[in-house]
Asker: 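I'd like to ask some things about the structure below.
When reading the values below, keep in mind they use all heavy atoms of this one structure, side chains included, and skip hydrogens, waters and symmetry mates. Predicted, not measured: the structure shown is a model, and the values here were computed from it.
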Number of protein chains: 2
Amino acid sequence: MCIERGLKMTGQRRIIARVLSESEDHPDVEELYRRAVALDADVSIATVYRTVRLLEEKGIVARRDFGEGRSRYDPTDRGQHHHLIDVDTGKVIEFEDEAHDALARDIAAKLGFELVDVRLQLFARRPEQKKPK
Amino acid sequence: MCIERGLKMTGQRRIIARVLSESEDHPDVEELYRRAVALDADVSIATVYRTVRLLEEKGIVARRDFGEGRSRYDPTDRGQHHHLIDVDTGKVIEFEDEAHDALARDIAAKLGFELVDVRLQLFARRPEQKKPK
DNA sequence: CTAATTGCAAATCATTTGCGCAGGG
DNA sequence: CCCTGCGCAAATGATTTGCAATTAG
């Protein structure tokens, strides 16, 4: 899936790549490290950082920043998508929206630009359950 | 403009508030500190951090994160707006878009949520001037 | 065999915080 | 006068990096 990109396929890279491709959520490096160690103890957190950076440069994973001070990652093979963050639970929901992407392209064009990438994050809450403060 | 919020109006806060309200761009703390010192030497970077956090909690400034690893700030009296980042120059352009905000509300509603906040960033480039690599 | 990769620990970077002192109300 | 806010320097937390040992191709 990512072997033929000029990277040596080492044991730790294999593990980290697997952890990433199997993840359905948006783990941070600490979490990736935990999962990797659970599969094979021979990984250091430094290698996770290095690998994740490498995969990001190669376009295999996307780095996300939800304003928590650390980065989260997810494989790009899930397709271009955006995020809705439940402000009460912190849960992240992915979604795609054709109409939105088209609108984004239009907005950029109107400003005289050609769109390269869009980052959209919706912070929201479930309406019914009023949080007692 | 922000005095009656239960904050003591000290000299350094006055300076930092002025620097912020006069800024047309999105300075980071380091930059705010530089500008503040230029007006009045009696400010420490720690105070800039403290003040900026305070003003953010009070809703007087907005914290932005353009994925550079540090936060940038701008006064909220400029209104709710989004950002287009020129990927070649790093320049940030602000814009508003009614249609987009409505669409965002719709998307959240469709997912069963009530929108609290939207963060939209367009990464784009000017089409004509091809950057020589 | 040789360059790429790893682990570890030390180094960075942005940001926060403890503490004794100063100043606003 | 009292409590809040300040400067300083040390503490934190995430991420990066130098270096010597290890390994993929």
Side-chain angles (χ1 to χ4, degrees), chain A residues 1-20 26-58 60-74 90, chain B residues 1-20 25-58 60-74 90 92:
Chain A
M1 61 176 287
C2 60
I3 308 173
E4 284 78 28
R5 301 241 191 185
L7 329 158
K8 281 194 186 178
M9 193 33 57
T10 66
Q12 22 280 82
R13 282 191 185 158
R14 211 184 306 278
I15 294 293
I16 296 169
R18 161 159 19 189
V19 168
L20 270 164
H26 307 78
D28 57 33
V29 171
E30 208 62 60
E31 178 62 25
L32 287 172
Y33 174 62
R34 251 176 263 124
R35 296 182 191 177
V37 168
L39 292 182
D40 178 333
D42 271 348
V43 200
S44 83
I45 189 110
T47 299
V48 179
Y49 272 106
R50 279 191 271 238
T51 304
V52 122
R53 176 128 70 88
L54 208 65
L55 295 180
E56 190 205 349
E57 284 163 9
K58 298 292 179 183
I60 299 171
V61 302
R63 179 171 27 158
R64 309 292 180 179
D65 182 344
F66 298 142
E68 309 152 301
R70 61 217 141 95
S71 298
R72 290 159 167 273
Y73 297 85
D74 60 82
Chain B
M1 59 176 287
C2 59
I3 307 172
E4 283 78 27
R5 301 242 191 183
L7 330 157
K8 280 194 186 178
M9 192 34 55
T10 66
Q12 21 281 86
R13 282 189 187 162
R14 211 184 305 279
I15 295 292
I16 297 169
R18 160 156 22 185
V19 169
L20 270 163
D25 49 351
H26 306 78
D28 57 31
V29 171
E30 208 62 60
E31 178 63 27
L32 286 172
Y33 173 62
R34 252 176 261 124
R35 296 182 192 177
V37 168
L39 292 181
D40 177 333
D42 272 347
V43 200
S44 83
I45 188 106
T47 299
V48 179
Y49 272 107
R50 278 191 272 240
T51 304
V52 122
R53 175 130 69 90
L54 208 66
L55 295 180
E56 191 204 349
E57 284 163 9
K58 298 292 180 185
I60 300 172
V61 303
R63 178 172 26 159
R64 309 291 181 179
D65 182 345
F66 298 143
E68 309 153 300
R70 61 218 141 93
S71 298
R72 291 160 167 274
Y73 297 84
D74 59 82
V92 176

Asker: Can you tell me how far C1' of D/dT15 sits from CG of A/Leu32, to the nearest Å?
Answerer: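 For the pair A/Leu32 CG and D/dT15 C1', the rounded distance is 14 Å.
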
Asker: When the distance from CG of B/Asp42 to P of D/dG5 is rounded to whole Å, what number comes out?
Answerer: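 About 18 Å, once rounded to whole Å.
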
Asker: Specify the residue among A/Ala46 and B/Ser71 whose closest nucleotide of DNA chain C lies further upstream toward the 5′ end.
Answerer: A/Ala46

Asker: How many Å lie between CD1 on A/Ile15 and C1' on D/dT23, as a whole number?
Answerer: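 Going from CD1 in A/Ile15 over to C1' in D/dT23 covers 16 Å.
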
Asker: Please report, rounded to the nearest Å, how far the P atom of C/dC8 is from the CD atom of A/Gln12.
Answerer: 11 Å

Asker: Using a 4.5 Å cut-off on heavy atoms from C-beta on, say whether the side chain of A/Leu20 contacts that of A/Leu32.
Answerer: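 Yes. Closest side-chain heavy atoms under 4.5 Å.
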
Asker: Rounded to the nearest Å, what distance is computed from the CZ atom of residue B/Arg72 to the C1' atom of nucleotide C/dC13?
Answerer: 16 Å

Asker: With a 4.5 Å limit on heavy-atom distance, are the side chains of B/Arg64 and B/Asp74 in contact?
Answerer: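 Heavy-atom side-chain distance check passes, below 4.5 Å.
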
Asker: Would you indicate which nucleotide in C/dG7, D/dG5, D/dT23 comes nearest to any side-chain atom of A/Lys8?
Answerer: D/dT23

Asker: Could you tell me if the side chain of A/Val43 sits less than 4.5 Å from the side chain of A/Val48, heavy atoms only?
Answerer: yes

Asker: In whole angstrom, give the distance that lies between atom OH of B/Tyr49 and atom C1' of C/dT16.
Answerer: 9 Å

Asker: Using whole Å, what does the distance between atom C1' of nucleotide C/dT16 and atom CZ of B/Arg53 come to?
Answerer: 7 Å

Asker: Please tell me which of B/Thr10 and A/Glu68 maps to the more 5' nucleotide of DNA chain D, matching each residue to the nucleotide holding its nearest heavy atom.
Answerer: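 Nearest nucleotide further toward 5': that of B/Thr10.
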
Asker: Closest to the A/Thr47 side chain: C/dG7, D/dT15, D/dC8?
Answerer: C/dG7

Asker: One thing to verify: whether A/Glu30 and A/Arg34 come together as a salt bridge, which I'm taking to mean a side-chain N less than 4.0 angstrom from a carboxylate O.
Answerer: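 Looking at A/Arg34 and A/Glu30, the cut-off is not met.
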
Asker: Could you tell me how far apart A/Arg63 (CZ) and D/dT15 (P) are, to the nearest whole angstrom?
Answerer: 9 Å

Asker: With hydrogens left out and only the distance checked, is there a donor-acceptor pair under 3.5 Å joining A/Arg50's side chain and the base of C/dG7?
Answerer: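 Yes, a donor-acceptor pair under 3.5 Å.
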
Asker: Quickly, which of B/Arg18, B/Lys8, B/Arg50 forms a side chain to side chain contact (heavy atoms under 4.5 Å, CB included) with B/Arg13? Name it, please.
Answerer: B/Lys8

Asker: Does a nitrogen or oxygen in the side chain of A/Arg13 sit under 4.0 Å from OP1 or OP2 of C/dA4?
Answerer: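 It does not, given that no N or O in the side chain of A/Arg13 lies less than 4.0 Å from OP1 or OP2 of C/dA4.
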
